[in-house]
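Contents: one structure, followed by commentary.
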Amino acid sequence: MYAERVLSGMRPTGSLHLGHYHGVLKNWITLQNNYPCLFFVADWHALTTQYDDPRGIEKSAMDMVIDWLAAGVDPTKATLFIQSQVPEHAELHLLLSMMTPLGWLERVPTYKDQQQKLDSKDLSTYGFLGYPLLMSSDILIYRADKIPVGEDQVPHVEFTRELARRFNHMYGREPGFEDKAKEAVKKLGSKNARTYTQLRTRFQQEGDATAVERAHALLNEAQNLSLDERERLLGYLEGTGKMILVEPGALLTEASKMPGLDGQKMSKSYHNTITLREDEASVTQKIKRMPTDPARVRLTDAGDPEKCPVWHLHAVYSDEVCRNWVQKECRRAGIGCLDCKQPVIDAILREQAPMRERAQTYLDDPQLVRHIIADGNSQARKLAQETMRDVREAMGLNYG
Ligand code: TRP
Ligand code: SF4
């Protein structure tokens, strides 16, 4: 009934690094070519853990959007916006909060995990507990069905599905639904009405899925039903209400295998990153200073690439010829480590060149970014307002 739509959000953490590029952004860029996509800055989400120091969020958000654009996220293909600029997210969050069981929130795995991990902060707040619900609102308000997320976020998507189901079940019934459905059954004619009723019973009592299929076929062939009546009978058949909110599914993004400068995974908290648009001299310096196999003290000492973080970067950036060269020459001390690092330096600089160039356009004219975001905000808002109209109506809050 609703179109396919991808939605993903990212917390504004300041400058992104090559791990984000290889893990998330490349994936977004593929998706934007295949689906309508919405990508947003989750600035309210940042507040759930950073409420004590919110001042830097706006700058981080702008820097992050420039990084998206630099990486190749294309504002003519995807809608880019900022969560807090679409206040409908908050309205849906509030309305859903009324019907969200506390236990569901307390059982989300990241709740206790994050509280323990970030134990220097007081995270026993209402907002932090409600964070998965805020994420659900982000998703449901766009009726997005495809949510690219890392593994840690999959339970949140699952939570969102349950919530959508609960909402549809509770409010997806128009007043007098049962009576209206029975009226519509009569319009099928006595023979078909009997068959429909039998199939419905078979499904509801025995869970027989073929009964649903046959009933669908029957409804499709029924001539004298209006669209509304057909919808009602579909809902009546399965015991669900009308679908107001769409149940989303997770598109699992593989965890980034991008190694950092020390061989651990690249991550801001390990201080081992290269940022997306880092200047050339700094990239060169960082790679030149990278530790190598500790056994190679002198040029004449043979090494083992498996024990060397530079090798992990070759695995990402070098072709087979180059990798074979490293394997062979390292093991027989045929090259020095600086020789070995040069192709990695070149490859990273080559990868970054178009990013730096694209970013420059936006740095030269910050108005461009503001316009992209303003456009995105209003496109997103339009979609969000459509959903909110249906939600308010379903809950009897439209005061029309
Ligand atoms: N919770 C996500 C994170 O911390 C960010 C996010 C917020 C999100 N809302 C979303 C991701 C909606 C996907 C869809 O990484
Ligand atoms: Fe590492 Fe290359 Fe030096 Fe071998 S030659 S230790 S792989 S940097």
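Residue numbers count from 1 along this sequence. Just so you know, ligand 1 is whichever comes first in the structure, and atom 1 is the first atom listed for that ligand.
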What distance separates Leu7 CG from Arg143 CZ, expressed to the nearest 0.5 Å? 14.0 Å
Could you tell me whether Lys59 and Asp63 have a side-chain N and a carboxylate O separated by less than 4.0 Å? yes
Using 30° and 60° as the class limits, which term best fits the ring planes of Phe81 and Phe40: parallel, tilted or perpendicular? parallel
Distance, nearest 0.5 Å, that separates CG of Asp390 from CG of Asn398: 10.0 Å
Atom 1 (Fe) of ligand 2 contact by Cys308, N, O or S atom under 2.8 Å: yes
Can you tell me if Cys340 has an N, O or S atom under 2.8 Å away from atom 2 (Fe) of ligand 2? yes
Taking only heavy atoms of Asp293, which atoms of ligand 2 are found under 4.0 Å from at least one of them? 6 (S)
Heavy-atom pair with the smallest gap, counting every atom of Leu299 and Ala333: O-CB, 3.5 Å
Test log, rule side-chain hydrogen bond (donor to acceptor under 3.5 Å, both in side chains), inputs His20 and Thr13: CA-CA 11 Å; His20 294 111; Thr13 50; 4.7 Å; no
What's the shortest distance from atom 14 (C) of ligand 1 to any protein heavy atom, and which residue and atom give it? Ile147 CG2, 3.7 Å
For atom 9 (N) of ligand 1, the closest protein heavy atom turns out to be Asp138 OD2, 2.7 Å
Non-hydrogen atom of Lys341 closer than 4.0 Å to ligand 2: no
Check the orientation of Phe39 and Trp28. Use parallel for under 30°, tilted for 30 to 60°, and perpendicular for over 60°. parallel
For atom 7 (C) of ligand 1, what is the closest protein heavy atom, and at what distance to 0.1 Å? His45 NE2, 3.3 Å
Look at the rings of Trp311 and His314 and say which category their plane angle falls in: under 30° parallel, 30 to 60° tilted, over 60° perpendicular. tilted
among protein heavy atoms, the one nearest atom 4 (Fe) of ligand 2 is Cys330 SG, 2.3 Å
Relative to atom 7 (S) of ligand 2, which among Val326, Asp301, Leu313 owns the nearest non-hydrogen atom? Val326
Test of understanding: given a 4.0 Å heavy-atom threshold, classify the contact between Tyr142 and ligand 1 as side chain, backbone, both, or neither. neither
protein heavy-atom neighbour closest to atom 4 (O) of ligand 1 works out as Arg11 NE, 3.2 Å
Going by distance only, is there an N or O of Tyr131 that falls short of 3.5 Å from an N or O of ligand 1? yes
Looking only at protein heavy atoms, identify the closest one to atom 6 (C) of ligand 1 and say how far it is in Å. Gly9 O, 3.9 Å
Taking Arg356 as the fixed residue, which of Glu278, Glu280, Glu351 is the one that meets the salt bridge (charged side-chain N to carboxylate O under 4.0 Å, His left out) rule? Glu280
Please confirm whether Gly303 approaches ligand 2 to less than 4.0 Å, judged on its heavy atoms. no
What residue and heavy atom of the protein are closest to atom 3 (Fe) of ligand 2, and at what distance? Cys337 SG, 2.3 Å
Within 4.0 Å of some non-hydrogen atom of Thr292, the atoms of ligand 2 are 6 (S), 8 (S)
Please round to the nearest 0.5 Å and tell me the distance separating atom CG of Asp138 and atom CD1 of Ile147. 9.5 Å
Among all protein heavy atoms in this structure, tell me which lies nearest to atom 5 (S) of ligand 2, with the distance rounded to 0.1 Å. Arg296 NH1, 3.1 Å
Heavy atom of the protein closest to atom 2 (C) of ligand 1 (residue, atom name, distance): Gln153 OE1, 3.2 Å
Stepwise salt bridge (charged side-chain N to carboxylate O under 4.0 Å, His left out) test for Lys186 and Glu183: CA-CA 5 Å; Lys186 280 190 204 144; Glu183 279 304 305; 3.3 Å; yes
